[in-house]
Visitor: 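Can you keep this structure in mind? I'll have questions shortly.
Basis for what follows: all heavy atoms, side chains included, without hydrogens, waters or symmetry-related copies.
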Amino acid sequence: MSNQPPSPTEVMIFGSGACAQKIAANLYGHGINAWLAARKDAPRETGQGGKRHWLTGIELNACRGFAKNFDLKLTQKGSLFDQRVPAIVLAEDDERSANYLPYGLEPNPRVLSISSLEEKMHQESTRNPFDRDARIVFLCGWQIESHPAVARRMLACCHHLQSRFPVGTYFMTGNLKVAADGAEALVHSAKRSGAVFLKFTRDYPSIQTLADGRFGIDCRDELCRTPFHLKTDWIVVDETIGPDPSLDALAHGLGIDQDGIGFAQADNVHRMSNATNRRGIFVAGGSRGILSEDEQLADADQVTLNVLAFLNDLDVETLPQAEIDRGQCARCLTCHRVCPHKAIDIGEHMAVVAEACLGCGICAAACPARAIEMKGVRIGSEVYQRLQDHDIKEEAPERLPQVMVFGCARSAGQARELARLTGHSLPQGVQFVEVPCGGSISIRHLLAAFEAGADGVMLWTCHTDNCKSEIGNLVARKRADATRMLLQAAGVDSNRLAVASVAANMGTAFAFMINAFVDRIKVLNGS
């Protein structure tokens, strides 16, 4: 076991559990050394195989740099040091807290959390962990819903005990969640082995601690409406799973978006399965959500493939790149503040780091000096000039509503093509400008369309949690709201500007909403 700092060619993994160790073993199997950064001393090896390097007592102070070139500021047991790595994986374990209070219980030698029971069964894998003829009651999901991954663990323990040892098991539940892989089969197997399942939806059992240390449970059968009393030797409670307390600081230090609970992966389909808002930083296992043990180990295999693809540039997309004109740049840092991918380098000159840029164009739209352009994209000065030349007015000889449509290439652009393939065409007078992201459209682009003679302007974005840049759709809506206020101040009906969300597979809906907007503009025009 080594504790020397890694070289720049090695991957840094924040985590020390089974998932993190398996990632390290997988990478080592592909000729890549990985370092496991543990907050405490190196834990028990999990038997994942492969060579391991440990950095113990590690705290992250800051992360600078970009994909293939991350500069980490670390503290190791009070000593500061810098480390440069090409890729980072965040794979801390989740935190599990026993649900004693929802059942009116307190910690007790005879009240076990599901994790404690699993550990007890692991230590005594071939022997009965309880006395002969012991009664064990599992409490799962009464006052608070139990996660399917937790329910499956409890079902697995219940079935194991009931089928292998001379004990009696009772599984008391509210809404039993069987969505986890194999959970429903475990219910049937446990019942066939003799486990008793009791479901409560209204009148929950009451639990008392008896003089001999056992428990008395008073219940009411909701089917036959008959009260009954059960004595039990042991109680097993479910758990609430959440992010590790250290995860928040790690996510902030790495510049990673988090979900509403605090896991280090936003609720965004483009982040699946292990991506983050920063290229080269990955998240796995208990750091990205509530996963079962099997799912975490499978996740370790998946993130290994993603890291290998990244290190070999197999994940590179052909995307438009932002460029900063040094002569126009005022170093106001607006681009640095708005970039969702941390791709702006503040050096002697402001620059966009190509390896980190995902081509959303949010920075270009936000730049007050108009110093940023997207290479190869018909937006910015090119589209502005096109609108100023009044090309929009030449679509038809008669006075039809003239509508300018800005659409995200990843959603509206594909929906438009699908609409065309299914026989829908844009109404006359409508021009469609495909842009990298809804967030690449600025207030000046929207106003320029009206100045050029557009009767209406429509801005298409991705759905919530479906935006590649995470915030592009939100930024677009804020800019549209600001534009509406300016239109109202100028005496222009703000209903002439619309914002809509669409997915790539919504061709028919796209065509319907375009036509509905054109009809609205006809009414506003008095035609």
Visitor: Assess the residue pair Asn306 and Ser273 against the criterion (side chain to side chain contact (heavy atoms under 4.5 Å, CB included)); give the C-alpha distance rounded to whole Å, side-chain angles, the decisive distance to 0.1 Å, and a yes or no.
Guide: CA-CA 9 Å; Asn306 290 329; Ser273 58; 3.9 Å; yes
Visitor: Can you tell if the side chain of Asn175 reaches within under 4.5 Å of the side chain of Thr173, non-hydrogen atoms only?
Guide: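 No, too far: nothing below the 4.5 Å cut-off.
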Visitor: Report yes if the side chains of Arg416 and Phe432 come closer than 4.5 Å at any heavy-atom pair, otherwise no.
Guide: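 With C-beta onward as the side chain, the pair touches.
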Visitor: Checking Asp181 now: which residues fulfil side chain to side chain donor-acceptor pair (under 3.5 Å) with it, not counting sequence neighbours?
Guide: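 Partners of Asp181 under the side chain to side chain donor-acceptor pair (under 3.5 Å) test: none.
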Visitor: Can you name the one residue among Val85, Asp71, Ile88 that meets side chain to side chain contact (heavy atoms under 4.5 Å, CB included) with Cys63?
Guide: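 Exactly one candidate clears the test, Ile88.
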Visitor: Take a 6.0 Å sphere around CD of Gln328 and say whether it holds more than 12 heavy atoms from other residues, nucleotides or ligands.
Guide: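 Counting other residues, nucleotides and ligands, CD of Gln328 exceeds 12 neighbours.
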Visitor: Any side-chain heavy-atom pair from Met121 and His160 closer than 4.5 angstrom?
Guide: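 Contact flag for Met121/His160 side chains = yes.
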Visitor: Would you mind listing every salt bridge (Lys or Arg N to Asp or Glu O under 4.0 Å) that reaches into residues 240-257, with sequence neighbours excluded?
Guide: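 Applying salt bridge (Lys or Arg N to Asp or Glu O under 4.0 Å) to every pair that reaches into residues 240-257, excluding sequence neighbours, yields Arg39-Asp244.
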Visitor: Short question: side chain of Asp259, backbone of Gly262 - any donor-acceptor pair under 3.5 Å?
Guide: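 Here the side-chain-to-backbone pair exists.
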Visitor: Does NZ or CZ of Lys68 lie under 6.0 Å from the centre of the six-membered ring of Phe310, at an angle within 45° of the ring axis?
Guide: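 Verdict for Phe310: a cation-pi partner in Lys68.
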Visitor: Look at the side chain of His30 and the backbone N and O of Ile32, then say whether any donor-acceptor pair between them is shorter than 3.5 Å.
Guide: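 Looks like no, no N/O pair under 3.5 Å.
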Visitor: Which of parallel (below 30°), tilted (30 to 60°) and perpendicular (above 60°) describes Tyr103 and Trp142?
Guide: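 Tyr103 vs Trp142 ring planes: perpendicular.
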Visitor: Using 0.5 Å steps for rounding, measure from the CD1 atom of Ile58 to the OG atom of Ser246.
Guide: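 The OG atom of Ser246 is 13.0 Å from CD1 of Ile58, to the nearest 0.5 Å.
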Visitor: Can you confirm whether the side chains of Ser97 and Glu239 place a donor and an acceptor under 3.5 Å from each other?
Guide: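 Side chains of Ser97 and Glu239: no pair found under 3.5 Å.
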Visitor: If we ignore hydrogens and angles and just use 3.5 Å, is the side chain of Gln265 paired with the main-chain N or O of Arg271 as donor and acceptor?
Guide: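 Indeed, once roles are kept as given, a pair shorter than 3.5 Å links the two residues.
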Visitor: Mind checking what makes salt bridge (charged side-chain N to carboxylate O under 4.0 Å, His left out) contact with Asp93, not counting sequence neighbours?
Guide: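 Asp93 satisfies salt bridge (charged side-chain N to carboxylate O under 4.0 Å, His left out) with no residue once adjacent residues are dropped.
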Visitor: For the side chain of Ser287 and the backbone of Ala264, is there at least one donor-acceptor N/O pair under 3.5 Å apart?
Guide: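 Checked: no pair found.
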Visitor: Which residue in the set Val303, Leu247, Asn274 passes side chain to side chain contact (heavy atoms under 4.5 Å, CB included) when paired with Leu90?
Guide: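 Of Val303, Leu247, Asn274, side chain to side chain contact (heavy atoms under 4.5 Å, CB included) with Leu90 is met by Leu247 alone.
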Visitor: Taking side chain to side chain donor-acceptor pair (under 3.5 Å) as the test, write out the residues that go with Asn268, two or more places apart.
Guide: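 Side chain to side chain donor-acceptor pair (under 3.5 Å) list for Asn268, sorted by chain: Glu470.
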Visitor: Are any of the side-chain heavy atoms of Lys73 and Leu60 separated by less than 4.5 Å?
Guide: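 Sidechains of Leu60 and Lys73: no contact.
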Visitor: Going from OG on Ser146 to CE on Met154, what distance comes out if it is rounded to the nearest 0.5 angstrom?
Guide: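 Reported value, rounded in 0.5 Å steps: 7.0 Å.
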Visitor: State the CZ-CG distance between Arg153 and Leu155, to the nearest 0.5 angstrom.
Guide: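 Taking CZ in Arg153 and CG in Leu155, the distance rounds to 11.5 Å.
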Visitor: Output, in order, the C-alpha distance, side-chain angles, deciding distance and verdict of side chain to side chain contact (heavy atoms under 4.5 Å, CB included) for Phe138 and Cys157.
Guide: CA-CA 9 Å; Phe138 291 81; Cys157 289; 4.1 Å; yes
Visitor: Mind checking salt bridge (charged side-chain N to carboxylate O under 4.0 Å, His left out) for Asp301 and listing every partner two or more places apart, or none if nothing turns up?
Guide: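 Asp301 satisfies salt bridge (charged side-chain N to carboxylate O under 4.0 Å, His left out) with Lys22 only.
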Visitor: Could you note down all residue pairs passing salt bridge (Lys or Arg N to Asp or Glu O under 4.0 Å) where residues 278-291 supplies at least one of them, sequence neighbours left out?
Guide: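 As it turns out, the salt bridge (Lys or Arg N to Asp or Glu O under 4.0 Å) pairs with a partner in residues 278-291, which skip direct neighbours, are Arg279-Asp313, Arg279-Asp315, Arg288-Asp299.
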Visitor: Report all side-chain donor-acceptor pairs from residues 335-364 shorter than 3.5 Å, counting only partners two or more places apart or in another chain.
Guide:
residue	atom	partner	partner atom	Å
Arg337	NH2	Thr334	OG1	3.1
His341	ND1	Asn277	O	3.0

Visitor: Report the residues that fulfil side chain to side chain donor-acceptor pair (under 3.5 Å) with Asn108, sequence neighbours left out, ordered by chain and then residue number.
Guide: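 Testing Asn108 for side chain to side chain donor-acceptor pair (under 3.5 Å), a comparison that skips the adjacent residues, returns none.
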Visitor: For Glu417, check salt bridge (charged side-chain N to carboxylate O under 4.0 Å, His left out) against everything at least two apart and list the hits.
Guide: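 With sequence neighbours excluded, Glu417 shows a salt bridge (charged side-chain N to carboxylate O under 4.0 Å, His left out) to Arg420, given in chain and number order.
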Visitor: Considering residues at least two apart in sequence or located in another chain, which fulfil the side chain to side chain donor-acceptor pair (under 3.5 Å) criterion with Thr464?
Guide: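 Partners of Thr464 by the side chain to side chain donor-acceptor pair (under 3.5 Å) criterion come out as none, since no residue qualifies.
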Visitor: Keeping His445 on the side-chain end and Ser442 on the backbone end, is there a donor-acceptor pair under 3.5 Å?
Guide: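 Looks like yes, one N/O pair under 3.5 Å.
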Visitor: Considering non-hydrogen atoms only, spot the tightest contact between Ala480 and Leu497 and give its length.
Guide: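 So the two residues come closest at O-CD2, 3.6 Å.
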Visitor: Considering non-hydrogen atoms only, spot the tightest contact between Pro243 and Glu95 and give its length.
Guide: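 Shortest heavy-atom separation between Pro243 and Glu95 comes out as O-CB, 3.8 Å.
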Visitor: With the side chain counted from C-beta on, respond yes when Glu106 and Val111 share a heavy-atom pair under 4.5 Å apart, and no when they do not.
Guide: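 When only atoms from C-beta onward are counted, Val111 and Glu106 do not touch, as no gap falls below 4.5 Å.
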Visitor: Classify the ring geometry of Trp460 against Phe510: parallel below 30°, tilted from 30° to 60°, perpendicular beyond 60°.
Guide: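 If you compare the ring of Trp460 with that of Phe510, the planes turn out tilted.
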Visitor: Does anything in residues 471-485 pair up under side chain to side chain donor-acceptor pair (under 3.5 Å), and if so which pairs, sequence neighbours excluded?
Guide: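 Matches after skipping sequence neighbours: Arg477-Ser501, Asp481-Arg484.
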Visitor: Verify the neighbour count for atom NE2 of His252: are there more than 12 heavy atoms of other residues, nucleotides or ligands below 6.0 Å?
Guide: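 At most 12 heavy atoms, drawn from other residues, nucleotides or ligands, come within 6.0 Å of this atom.
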Visitor: Under 4.5 Å between any side-chain heavy atoms of Arg84 and Leu72, yes or no?
Guide: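 Contact flag for Arg84/Leu72 side chains = no.
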Visitor: What distance do Arg152 atom CZ and Ser292 atom OG have between them, rounded to the nearest 0.5 Å?
Guide: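 Answer for the CZ-OG pair, Arg152 versus Ser292, is 6.5 Å.
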Visitor: Mind checking the CD-CD spacing from Gln83 to Gln76? Nearest 0.5 Å is all I need.
Guide: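 Gln83 CD to Gln76 CD: 10.5 Å, rounded to 0.5 Å.
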Visitor: Tell me if a side-chain donor or acceptor on Gln414 pairs with a main-chain N or O of Arg410 at a distance below 3.5 Å.
Guide: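 Looks like yes, one N/O pair under 3.5 Å.
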Visitor: Can you name the nearest heavy-atom pair linking His270 to Cys467, along with the distance?
Guide: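 Taking every non-hydrogen atom into account, CD2-C, 3.7 Å.
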Visitor: Answer yes or no: is there an ion pair linking Arg96 with Glu293, defined by an N-O contact shorter than 4.0 Å?
Guide: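 Between Glu293 and Arg96 there is a salt bridge, with a charged N closer than 4.0 Å to a carboxylate O.
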Visitor: I'd like to check Thr75 versus Phe81 (side-chain heavy atoms, cut-off strictly below 4.5 Å). Are they in contact?
Guide: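 With C-beta onward as the side chain, the pair stays apart.
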Visitor: Sequence neighbours excluded, which residues qualify as ring pair (Phe, Tyr, Trp, His ring centres under 6.0 Å) partners of Phe66?
Guide: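 In terms of ring pair (Phe, Tyr, Trp, His ring centres under 6.0 Å), with neighbours along the sequence ignored, Phe66 is linked to no residue.
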Visitor: Is a donor on one side and an acceptor on the other found under 3.5 Å between the side chain of Ser113 and the backbone of Ser116?
Guide: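 Between the backbone of Ser116 and the side chain of Ser113 there is a qualifying donor-acceptor contact (under 3.5 Å).
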Visitor: Where the side chain of Asn33 meets the backbone of Glu10, is there a donor-acceptor pair that is under 3.5 Å apart?
Guide: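 Here the side-chain-to-backbone pair does not exist.
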Visitor: If you take all heavy atoms of Asp94 and Gly242, which pair is closest and at what distance?
Guide: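 Asp94 and Gly242 have their closest heavy atoms at CB-O, 3.4 Å.
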Visitor: Would the number of heavy atoms belonging to other residues, nucleotides or ligands and lying under 6.0 Å from CZ of Arg110 be above 12?
Guide: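 Counting other residues, nucleotides and ligands, CZ of Arg110 exceeds 12 neighbours.
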Visitor: Do any N or O atoms from the side chain of Glu323 and from the backbone of Met374 form a donor-acceptor pair under 3.5 angstrom?
Guide: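 Between the backbone of Met374 and the side chain of Glu323 there is no qualifying donor-acceptor contact (under 3.5 Å).
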Visitor: Work out which heavy atom in Ala38 is nearest to a heavy atom in Ser16; give both atom names and the distance.
Guide: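 Distance-wise, the nearest heavy atoms are CB-CB, 3.9 Å.
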Visitor: Output the distance between atom CZ (Phe263) and atom CG (Leu291), rounded to the nearest 0.5 Å.
Guide: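 Between Phe263 CZ and Leu291 CG, I get 8.0 Å after rounding to 0.5 Å.
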Visitor: Would you name the heavy atoms of Ile290 and Ala149 that are closest together and state the gap between them?
Guide: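 Answer, listing the atom of Ile290 first, then Ala149: CG2-CB, 4.3 Å.
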Visitor: Any side-chain heavy atom of Leu36 within less than 4.5 Å of one from Gln21?
Guide: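 In contact.
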